[in-house]
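What follows is a set of notes on a single structure, which appears directly below.
FYI, the numbering just counts along the sequence from 1. Atoms considered below: every heavy atom in the structure, side chains included; atoms not considered: hydrogens, waters and symmetry mates.
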Amino acid sequence: MASFMEDLWSSIFTAGPTPTLLLATNATFAALQTLLFVLLLATYSIHFAILSIISGALWYSINWFAQELKQAQAQTARQETPSEKTLNATSTDANTRETTDGADSDTETEGAASRKGVHTPSSATQSAAASTTLQVPDSTSEVRKRLSVSGESSGYTSTDSEWEKVDDNAGN
């Protein structure tokens, strides 16, 4: 049982329907159908029959989808021949070479542009240009407070100032 639970937990993070996940799904739907049948017999309510039909349709569609996905995966595995596998490996090697050629580049397009003869500025040049355009405020400059439009109120009054007003009024 513990092994099944571990397999179920790991199958959640695995792409596609795994046998463990399908088994758990089928067991859950079987339990749901049993519960709905018992409730139908106990109450004679049409609602449980309708819920049972909906649940059965969902159960069937999940199993149908899992079967179609398995067939599609098997078909793509059959269609890929050994010559295509070597072709894919060759294109992957070419992509690796392209990214290592432009290793100082941040993106693949910068590397591709530099190979075509288009000059792209390096990151050191860009950071130097940015540092010359940005201005650092002087440490001697004084901080100015923005004047309030509505007069004395700044929009925020602390609780302490309210208590001070109460204490002043109580002293009178």
Side-chain angles (χ1 to χ4, degrees), residues 1-131 133-134 146 154-159:
M1 182 66 173
S3 172
F4 176 78
M5 293 305 285
E6 289 174 6
D7 291 342
L8 181 62
W9 182 256
S10 65
S11 70
I12 292 171
F13 302 108
T14 304
T18 61
T20 307
L21 189 59
L22 288 175
L23 178 66
T25 302
N26 287 328
T28 303
F29 272 106
L32 179 61
Q33 287 291 343
T34 304
L35 177 67
L36 290 173
F37 181 71
V38 168
L39 289 172
L40 177 67
L41 292 178
T43 62
Y44 295 109
S45 174
I46 189 83
H47 297 96
F48 295 114
I50 294 170
L51 285 173
S52 179
I53 291 169
I54 293 170
S55 172
L58 180 61
W59 187 6
Y60 173 79
S61 65
I62 288 172
N63 284 323
W64 172 82
F65 182 77
Q67 187 65 29
E68 289 292 319
L69 191 59
K70 283 181 187 178
Q71 289 176 357
Q73 288 172 345
Q75 186 178 11
T76 56
R78 280 191 309 250
Q79 286 178 349
E80 190 172 296
T81 62
S83 63
E84 287 178 300
K85 288 181 183 177
T86 57
L87 180 63
N88 289 340
T90 306
S91 67
T92 304
D93 292 341
N95 289 341
T96 305
R97 277 194 308 264
E98 287 178 5
T99 55
T100 55
D101 290 343
D104 60 332
S105 174
D106 292 335
T107 62
E108 293 177 4
T109 32
E110 288 177 353
S114 65
R115 281 191 298 278
K116 291 180 181 178
V118 177
H119 177 68
T120 56
S122 67
S123 60
T125 308
Q126 290 174 351
S127 63
S131 66
T133 59
L134 296 177
R146 183 179 296 179
S154 66
Y156 176 78
T157 53
S158 72
T159 309

Discussion item. With a sphere of 6.0 Å drawn around CD1 of Ile46, does it hold more than 12 non-hydrogen atoms of other residues, nucleotides or ligands?
Written reply: no

Fill in: Phe4 atom CZ, over 12 foreign heavy atoms within 6.0 Å
yes

Minimum heavy-atom distance between [X] and [Y], given as atom pair plus value:
{"X": "Gln33", "Y": "Gly56", "result": "NE2-N, 3.0 Å"}
{"X": "Ser11", "Y": "Leu21", "result": "OG-CB, 3.8 Å"}
{"X": "Thr20", "Y": "Leu8", "result": "CG2-N, 3.5 Å"}
{"X": "Ala66", "Y": "Leu22", "result": "CB-CD2, 3.7 Å"}
{"X": "Pro17", "Y": "Leu69", "result": "CD-CD2, 3.2 Å"}

Practice prompt. State whether the side chain of Ser61 and the backbone N or O of Ala57 hold a donor-acceptor pair below 3.5 Å, judged by distance alone.
Written response: yes

Fill in: Check: Trp59 and Leu32 side chains under 4.5 Å, non-hydrogen atoms
no

Item to complete: Evaluate the side-chain proximity of Phe29 to Ser55: yes if any heavy-atom separation is below 4.5 Å, no if none is.
Response: yes

Mind checking the [atom1]-[atom2] spacing from [X] to [Y]? Nearest 0.5 Å is all I need.
{"X": "Thr28", "Y": "Leu23", "atom1": "OG1", "atom2": "CG", "value": "9.0 Å"}
{"X": "Thr25", "Y": "Asn63", "atom1": "OG1", "atom2": "CG", "value": "8.0 Å"}
{"X": "Leu58", "Y": "Ile53", "atom1": "CG", "atom2": "CD1", "value": "14.0 Å"}

Practice prompt. Could you walk me through whether Leu39 and Leu35 pass side-chain contact (heavy atoms from CB on, under 4.5 Å), step by step?
Written response: CA-CA 6 Å; Leu39 289 172; Leu35 177 67; 4.1 Å; yes

